[in-house]
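Note sheet for the following structure.
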Amino acid sequence: MTKHDRSIPPIGQREPVLRLQEVDKTFNGGIVALRRLSLTVNQGDFISLLGPSGCGKSTALRLIAGLMRPSLGRILWEGGQGSDDLGVVFQEPTLMPWATVAQNVYLPFRLRGKSYASVKDQIAESLALVGLEKFANSYPRELSGGMKMRVSIARALVTNPRLILMDEPFAALDEITRQKLNDDLLALKANMGATVIFVTHSVFESVFLSDRILVMAARPGRIVKEIVVDAPYPRGLDWRTSPEYARIARETSDTLTSTLRPEEIH
Amino acid sequence: MAVVEDTTGKAVNESGAGPMFDAEEERFARAQRIESIAKWVLPIFVISLTIWLWDRVVVWNEIPHYILPGPGLVVQTLIEDRVTLGWSLLVTLQITFMALAVAIIGGVGLAVLFAQSRFAEMSFSPFAVILQVTPIVSIAPLIFIYVESRLVGLLLCAWIVAFFPILANTTLGLKSADHNLRDLMTIYKATRWQRLRYLQLPSALPYFLGGLRIAGGLALIGAVVAEYVAGTGGIGSGLAFRILEAGYRLNIPRMFAALLLIALTGVVIFATTSLISHLALRKWHESAVKRE
């Protein structure tokens with residue numbers, strides 16, 4: 001894998017990768033999923049989209065992924081969108097059950113018409129990054145939920161994309177596996193200098209992982225506040241148990257609560 | 001990064017149980033052993049018993065062989081008439097497998113066409129359904145009026161019966177591809193062909209194989225029924241013709257012998273398609289993988 005420049009400059013000095021300008025998304029039937037969403041994603045950002053269900057965070061991700069078109073507004077890639085720009089991890093591992101782990105990770109290359117032999121090393125490297133090098137020839141059904149998710153992450157990483165989209169990837173996993181994967185994700189990010197947009201409804205996950213938290217509200221879906229977490233990476237247990245972490249989690253949680261209607265707070 | 005999931009956990013547990021068997025485990029093991037033997041012994045025993053009873057009924061009641069031949073006489077006829085019946089079997093097999101091959105090509109081809117174009121599906125699926133729901137015995141006489149070649153007529157009949165399960169199942173399978181995987185294909189800008197080749201066809205494979213198992217049996221039925229309708233004219237006649245012919249001559253043992261061959265052929269086709277299905281799916285599909 002050809003590495004990006006691994007050193008990430010501090011927030012405010014990063015090169016932009018992607019801009020969303022005043023993006024609206026209205027579904028058939030007039031439901032406003034997003035209203036006037038503006039967002040600049042910079043090289044090396046780890047952005048969390050945090051919000052209650054129905055706030056349009058997954059819609060925003062699908063718009064960026066090109067699976068939907070905005071009703072209004074524009075989504076602009078800096079320097080145009082190339083073919084290897086995007087890696088995606090869904091809430092489910094979304095692996096092809098008939099293919100081995102290595103073949104699953106090979107998929108993005110295969111769709112570019114590259115032969116397996118020519119990208120063998122990249123696939124092995126990507127699997128090694130997520131700790132699954134020994135399982136290259138296993139089938140997905142032989143793996144645990146956490147391991148399947150790792151394969152999914154390896155597949156998103158393998159093309160070394162400019163932007164990785166993650167749609168609540170760990171929501172279906174147990175707490176222990178989830179924390180382990182959070183730690184590993186940060187290690188990966190430090191290793192690759194990747195840019196990530198991470199959708200979650202967990203305040204603690206977002207504070208632990210990201211350097212920019214975008215708190216969203218529902219009806220209509222919108223960003224209400226950006227919270228910057230400028231604790232240095234790598235982060236670990238020290239960060240998870242620090243007063244600063246608690247303070248930001250508190251702030252984030254309060255912001256989130258303030259966006260809810262009175263009847264939604266129990 | 002290290003692997004979190006401990007894959008050796010289970011093995012430790014198993015060996016931790018040690019070689020000591022308690023009474024309950026022994027009972028369980030015995031029950032399993034009995035079941036694995038009974039799986040084979042029981043059906044063989046019941047079939048043998050039935051054949052023996054058949055033989056006894058014929059002998060005890062002194063039933064003449066032109067009404068009901070005993071099993072011994074049927075086997076004897078099978079051996080004596082092996083040349084005639086063998087050739088007829090080959091003809092039936094030829095029609096069955098050619099029809100099945102054309103049904104696979106036609107069924108999968110149409111299914112792929114339907115999956116690619118909704119307009120094609122709207123236009124042609126009514127025809128497929130009409131062909132399927134109209135009993136083949138009622139179409140066959142017309143086919144033999146319009147189609148000059150007897151072989152082509154037989155083939156057409158067998159094909160009509162066999163192709164629908166393949167078409168219906170494969171169409172369903174092509175549409176059953178996982179939604180997230182489809183999104184992934186879109187994100188990676190897969191072409192139509194890549195989408196078909198790497199996502200839809202593998203997703204459809206279990207469904208297609210299920211259809212194949214049904215179609216294999218139906219192709220044989222179609223071939224036999226068509227031959228009944230086609231009647232006794234022409235050369236190179238199959239097993240159904242032999243049954244008809246033997247019936248006219250009151251050669252009941254030969255009717256049974258031909259019937260036996262048809263039944264065996266059906267069983268072999270079913271076993272073969274089941275085996276193919278198992279081999280193709282055993283690595284990944286829930287229907288074929290073994291659970292502990």
Side-chain angles (χ1 to χ4, degrees), chain A residues 62 64-67 81 83-100 103 107-113 128-135 138-148 150 152 155-156 159 161 165 167 176-177 179-181 183-185 187-188 191, chain B residues 1-13 169-170 173-210 276-292:
Chain A
R62 291 180 69 83
I64 296 170
L67 294 170
Q81 193 187 358
S83 57
D84 286 336
D85 279 351
L86 219 51
V88 183
V89 181
F90 296 99
Q91 188 169 347
E92 288 92 41
T94 311
L95 303 175
M96 302 177 290
W98 53 83
T100 61
Q103 289 290 328
L107 181 74
F109 286 127
R110 180 179 236 178
L111 296 175
R112 307 248 170 292
L129 275 173
V130 297
L132 287 181
E133 61 272 39
K134 285 184 192 140
F135 293 88
S138 302
Y139 283 83
R141 56 168 300 280
E142 297 164 340
L143 307 180
S144 69
M147 291 160 92
K148 283 185 206 163
R150 286 163 186 276
S152 195
R155 179 181 58 196
T159 56
L165 306 177
D167 188 1
I176 297 163
T177 311
Q179 259 184 34
K180 174 70 180 149
L181 278 168
D183 289 340
D184 292 347
L185 183 60
L188 272 180
N191 204 340
Chain B
M1 150 177 23
V3 181
V4 260
E5 293 78 11
D6 180 12
T7 51
T8 58
K10 204 176 57 189
V12 171
N13 276 343
N169 274 27
T170 312
L174 289 172
K175 287 180 181 172
S176 306
D178 182 79
H179 280 264
N180 283 332
L181 276 172
R182 283 193 230 174
D183 283 349
L184 199 71
M185 291 281 168
T186 309
I187 287 166
Y188 286 129
K189 302 192 168 54
T191 61
R192 217 169 236 254
W193 163 248
Q194 287 177 324
R195 198 179 278 263
L196 181 70
R197 166 74 185 78
Y198 299 128
L199 175 59
Q200 289 177 302
L201 286 179
S203 301
L205 185 66
Y207 295 82
F208 162 75
L209 289 168
I276 291 171
S277 177
H278 177 76
L279 290 179
L281 301 180
R282 74 200 150 120
K283 286 274 179 58
W284 64 276
H285 197 253
E286 293 302 328
S287 68
V289 295
K290 253 197 182 154
R291 295 192 66 189
E292 292 189 28

*A:Leu111 side chain near B:Met185 side chain, heavy-atom distance below 4.5 Å*: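 Yes, at least one pair of side-chain atoms sits under 4.5 Å.
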
*So do the side chains of B:Leu184 and A:Leu107 get within less than 4.5 Å of each other, counting heavy atoms only?*
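B:Leu184 vs A:Leu107: side chains touch.
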
*By a 4.5 Å heavy-atom criterion (distance strictly below it), what part of A:Arg155 contacts chain B: side chain, backbone, both, or neither?*
both

*For A:Leu67, is it the side chain, the backbone, both, or neither that has a heavy atom closer than 4.5 Å to a heavy atom of chain B?*
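It is the side chain, since no backbone atom gets that close.
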
*Nearest heavy-atom neighbours spanning A:Phe90 and B:Ile187*: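 Scanning both residues completely, I find the closest heavy atoms to be CZ-CD1, 4.2 Å.
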
*Contact summary for A:Pro97 and B:Trp284, nearest pair of heavy atoms*: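 A:Pro97 and B:Trp284 have their closest heavy atoms at O-CB, 2.9 Å.
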
*For chain A, which residues from residues 175-183 of chain B lie under 4.5 Å away (heavy-atom distances)?*
B:Asp178, B:Asn180, B:Leu181, B:Asp183

*Looking only at heavy atoms, which of residues 194-201 of chain B get nearer than 4.5 Å to chain A?*
B:Gln194, B:Tyr198, B:Leu199

*Which residues pass the side chain to side chain contact (heavy atoms under 4.5 Å, CB included) test with B:Pro202, sequence neighbours left out?*
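Once residues adjacent in sequence are excluded, the partners of B:Pro202 under the side chain to side chain contact (heavy atoms under 4.5 Å, CB included) criterion are A:Trp98.
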
*Side chain / backbone / both / neither for B:Thr191 at chain A, heavy atoms under 4.5 Å*: neither

*With a 4.5 angstrom heavy-atom cut-off, which part of B:Lys283 approaches chain A: side chain, backbone, both or neither?*
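Looking at B:Lys283, backbone and side chain both touch chain A.
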
*asked:* Checking B:Arg282 now: which residues fulfil side chain to side chain donor-acceptor pair (under 3.5 Å) with it, not counting sequence neighbours?
replied: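 Listed in chain order: nothing, the list is empty.
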
*Point-to-point distance, once rounded to the nearest 0.5 Å, from CD of B:Glu286 to CZ of A:Arg141*: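 The CZ atom of A:Arg141 is 6.0 Å from CD of B:Glu286, to the nearest 0.5 Å.
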
